[in-house]
S.K.: 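This is the structure, below, for whatever I ask next.
Whatever order the structure lists ligands and atoms in, that order sets their numbers, starting from 1. Just so we're clear, the structure is a prediction, and the values are computed from it rather than from any experiment.
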Amino acid sequence: MNTINTQPSAAPVIQALRSIGYNSQTAIADIVDNSIDAKTSYVHIQFEYDMGNGFIRIEDNGIGMTETELQKAMTIGSKDPRDQRDKEELGRFGMGLKTASFSMGKRLCVITKKDGKLSERCWDLDYVSGKNEWLLYKSIPIEIRDKIGQPEGKSGTIVLIDKLDRFCGFGTHKVLKQESYYSKVRRIQRYLEMVFHVKLENGLIITINGNTLYPWNPFLEGNPRRIEGEEQLIKVNKKLVRITPYVLPHPSTFNQVDYKYAGGVKGWNDQQGFYIYRANRMVSFGDWFGMFPKDAASQLVRIKIEFTNDADDDWKIDVKKSTITIPEDAKQDLYGVAKYYRKVSQEIMLYRTKATRTGGRIKGSLNTWELATDDVNSSYVLNRTHPILNEILKDVDTDIRRKINLYLKLVELGSPNNLLKTSNMAKKAEQQIDEKSKKLVIDYAEILFSTGFELDIEKVAETISIMAGFEGIEISTIKTILEKEVNFNVSSNT
Ligand SMILES: Nc1ncnc2c1ncn2[C@@H]1O[C@H](COP(=O)(O)OP(=O)(O)OP(=O)(O)O)[C@@H](O)[C@H]1O
Ligand SMILES: [Mg+2]
């Protein structure tokens, strides 16, 4: 015999397992996956703060486990990732329950019911580390009993994680404040509403502290203005992958609330890209995987890609179910689809005229809007050489021409896309106005002064402060900029 049985030592392995890169959102989602695999109809999640001494409790009414099944479930590496799984199954590695829980806290208690029989187990990492052995408690500590309760119906499972050192600083000097704790919970809610939106749309109920989660559909299901592109089926290593492209409506067609909601967790620009689903559960979102930049003109494109869990190897799904790699065989197809729909988005964002759509190659001179890009920024400008505009300007006298040009400049500065960018910047920077916003204020003011109307600084500052996109800047700040920077005798800057 040339081998020697070498058990990993418990304490260091635990530390490694705790650090495989979950965040609180991916960790909770991984535990919810288990409830879904257990065919639950609801998942009730409770986050208790208790000055950092609280717990996270996740309850389902799924099929539950027998004692033998629970013992296996609590084992690190309880299943072989190479085993074939049920088509709909979200689990793969036999790790999630333990690794996700340990990434948040040091104690994991599970009580489960199957065929009317209760079983329970508990991992306490302080104990395991102290003994440096994988010693699993057969019963739940007395102080947890009331908190965990027991599954009410015929079957179900309750997972309770406490000693939340990583989640909220339990036992450390940096205990999360209550307010930050609950804003973390809100972010988890939004994440779950996104990654499980298909499940929620299909009737699964998830609640957090009594609030019911609503599905967040990235493709704005039900919005009559969105474009649903042609569905494509491709084969990757003999397994089918479905690609469905969507182009959202122009941002200006939304009211403020709907606009913000449609922007999802990362906001419009960052949410563009591929949305990858494995067995109807989103595993990756808003990412071009390095194929394209996330430019403003392409922000309307969201492309749904669906693969099945028998293709896990091809997509290199990780334990956390949150990162994947696009298989080489799929790259070319995805690139082609994305390139085409990015162009559609660019056309919508640029308000291209109908005439330009017909002649195959789009002639630049017929576009009403064009994208002006320097090394850092991009913004939309009106095409001042458009033949119709040329025609109009040719027939009018200098004064009217000057006024039309002034008006066009205002339209340009006020284009929804240019303003949306400014508004974000203004809010972020609060009263520390960044150079770009400042320049826009100055441009506006110079144009307003040059109209020849009787205007003073007060009036101009007020006009600018109520314009969309500048709400974040106080009048006094605008006035200071005007006093310092604007030349009141300007005539026309067009
Ligand atoms: N809520 C639950 N209800 C019933 N069975 C469960 C539940 N949670 C876990 N299990 C059982 O425990 C096993 C281990 O779960 P765990 O999350 O560690 O691994 P997995 O789901 O098999 O794979 P992955 O590591 O990919 O999540 C599951 O395969 C399942 O059999
Ligand atoms: Mg799992």
S.K.: Please step through salt bridge (Lys or Arg N to Asp or Glu O under 4.0 Å) for the pair Asp50 and Lys147, ending with a clear verdict.
M.R.: CA-CA 12 Å; Asp50 194 15; Lys147 297 176 184 167; 5.4 Å; no
S.K.: Between ligand 1 and Leu97, is the shortest N or O to N or O distance under 3.5 Å?
M.R.: yes
S.K.: So between Asn34, Asp33, Val110, whose heavy atom ends up nearest atom 17 (O) of ligand 1?
M.R.: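 Answer by nearest heavy atom: Asn34.
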S.K.: Verify whether one side chain among Thr99 and Tyr22 offers a donor that lies under 3.5 Å from an acceptor in the other.
M.R.: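 Note: Thr99 and Tyr22 side chains meet the donor-acceptor criterion.
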S.K.: Walk me through it: do Arg145 and Glu120 pass the test salt bridge (Lys or Arg N to Asp or Glu O under 4.0 Å)?
M.R.: CA-CA 11 Å; Arg145 289 218 163 267; Glu120 58 187 59; 2.4 Å; yes
S.K.: Within the structure, does Lys98 bring an N/O atom to less than 3.5 angstrom of an N/O atom in ligand 1?
M.R.: yes
S.K.: With ring centroids as reference points, do Phe292 and Tyr335 lie under 6.0 angstrom apart?
M.R.: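 Yes, the ring centres sit under 6.0 Å apart.
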S.K.: Indicate whether any N or O donor in one side chain lies under 3.5 Å from an N or O acceptor in the other, for Asn132 and Ser9.
M.R.: no
S.K.: Could you check, using the six-membered ring where one of them is a Trp, whether Trp123 and Tyr137 have ring centers closer than 6.0 angstrom?
M.R.: no
S.K.: Have a look around the Mg ion (ligand 2) and list protein N/O/S atoms under 2.8 Å, or say none.
M.R.: Asn34 OD1
S.K.: Just need the protein heavy atom nearest to atom 19 (O) of ligand 1, so name the residue and atom and give the distance.
M.R.: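 That would be Gly94 CA, 3.2 Å.
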S.K.: Under a 3.5 Å threshold, yes or no: a donor from one side chain and an acceptor from the other, between Gln232 and Asp333?
M.R.: no
S.K.: Could you tell me whether the side chain of Thr112 and the main chain of Val110 form a donor-acceptor pair under 3.5 Å?
M.R.: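 Here the side-chain-to-backbone pair does not exist.
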S.K.: Would you say Ala73 and ligand 1 have an N/O pair spaced under 3.5 Å apart?
M.R.: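 N/O-N/O distance under 3.5 Å: no.
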S.K.: Tell me if a side-chain donor or acceptor on Thr40 pairs with a main-chain N or O of Asn61 at a distance below 3.5 Å.
M.R.: yes
S.K.: Please state which protein non-hydrogen atom is closest to atom 30 (C) of ligand 1 and give its distance, to 0.1 Å?
M.R.: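 Here the nearest protein heavy atom works out to Lys79 NZ, 4.0 Å.
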